[in-house]
Amino acid sequence: DTGVSQNPRHKITKRGQNVTFRCDPISEHNRLYWYRQTLGQGPEFLTYFQNEAQLEKSRLLSDRFSAERPKGSFSTLEIQRTEQGDSAMYLCASSRTNGTGQTYNEQFFGPGTRLTVL
Amino acid sequence: AQSVTQLDSQVPVFEEAPVELRCNYSSSVSVYLFWYVQYPNQGLQLLLKYLSGSTLVKGINGFEAEFNKSQTSFHLRKPSVHISDTAEYFCAVTLGGSSASKIIFGSGTRLSIRP
């Protein structure tokens with residue numbers, strides 16, 4: 001199965017530590033999205049890339065958050081100086097664009113990385 | 001900006017009973033609409049989508065939804081539920097056409113099936 005994969009699946013850290021998550025999209029998908037889901041809520045958009053370019057960032061993405069997709073394949077999401085409010089499930093999704101916009105290309109979601117900040 | 005409201009946070013139903021999960025959206029431009037399902041400890045799976053055309057959309061696992069533009073609604077229905085339908089359901093929206101990118105999700109409806 002070559003779906004979207006995320007690592008690690010779980011991360012427990014102490015407040016103030018830095019953490020980094022990785023997302024491997026479906027092969028040949030040029031778009032990659034990051035979402036955050038807190039308990040009892042729907043996912044919230046954080047940012048997305050088309051190839052290596054970061055095209056949009058949400059206001060939720062504070063200065064402590066940084067995302068990269070250096071070669072247009074996998075992506076990393078880093079959180080510096082973690083806070084308890086950062087505890088959430090971080091979801092990655094990927095899709096491909098066909099350039100014409102005539103058809104919608106589904107976003108496929110990974111299993112997520114659950115972050116717990118103590 | 002687009003937004004999605006799911007009117008019920010929890011819906012308990014008996015097995016084999018019909019169910020409707022309600023969703024209203026807000027947008028000043030054309031949008032695509034979706035329902036996603038999230039089983040415990042799993043990622044999101046697309047149930048169905050409305051892009052254009054027929055307002056009645058059929059999805060996987062016997063679910064269907066009806067797009068109502070005048071009421072800005074996209075309610076999800078199933079005529080007879082099973083225990084395996086126990087999950088969290090999210091209504092979602094994205095910009096239509098070539099502008100489609102980020103997805104805006106509702107807060108979710110937890111469907112619990114009683115035997």
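None of these values were measured; they are calculated from a predicted model. Quick note on labels: first sequence line is chain A, next is B, and so on, each numbered from 1. Heavy atoms only: backbone and side chains are in, while hydrogens, waters and symmetry mates are out.
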Worksheet item: Considering only heavy atoms, which portion of B:Gln45 lies under 4.5 Å from any heavy atom of chain A: side chain, backbone, both, or neither?
Response: neither
Worksheet item: Which answer fits A:Arg114, side chain, backbone, both or neither, if we ask what part of it has an atom under 4.5 Å from a heavy atom of chain B?
Response: neither
Fill in: Proximity breakdown for B:Ser101 and chain A, heavy-atom pairs closer than 4.5 Å
both
Discussion item. Given heavy-atom pairs under 4.5 angstrom as the criterion, report whether the side chain, backbone, both or neither of B:Ile103 touches chain A.
Written reply: both
Discussion item. Can you see whether A:Glu68 engages A:Gln54 through a side-chain donor-acceptor pair at a distance of less than 3.5 angstrom?
Written reply: no
Worksheet item: Does a side chain donor of either A:Asp24 or A:Ser73 reach within less than 3.5 Å of an acceptor in the other side chain?
Response: no
Item to complete: Give a yes-or-no answer on whether the side chains of A:Gln41 and B:Ser107 include a donor-acceptor pair shorter than 3.5 Å.
Response: no
Worksheet entry | Heavy-atom contact with chain B under 4.5 Å, split by part of A:Glu56 | side chain
Worksheet item: Any donor and acceptor pair, going by atom type alone, linking the side chain of A:Gln6 with main-chain N or O of A:Cys92 inside 3.5 Å?
Response: yes
Worksheet item: With only heavy atoms counted, which part of A:Tyr35 is less than 4.5 Å from chain B, the side chain, the backbone, both or neither?
Response: side chain
Item to complete: Name the option with the most non-hydrogen atom pairs under 4.5 Å to chain B; the candidates are A:Gly40, A:Gly42, A:Ser58, A:Pro43.
Response: A:Pro43
Response to the item:
So CZ of B:Phe67 and CG of B:Leu33: to nearest 0.5 Å the spacing works out to 6.0 Å
Item to complete: Decide whether A:Thr20 and A:Asn18 meet the rule of one side-chain donor and one side-chain acceptor closer than 3.5 Å.
Response: no
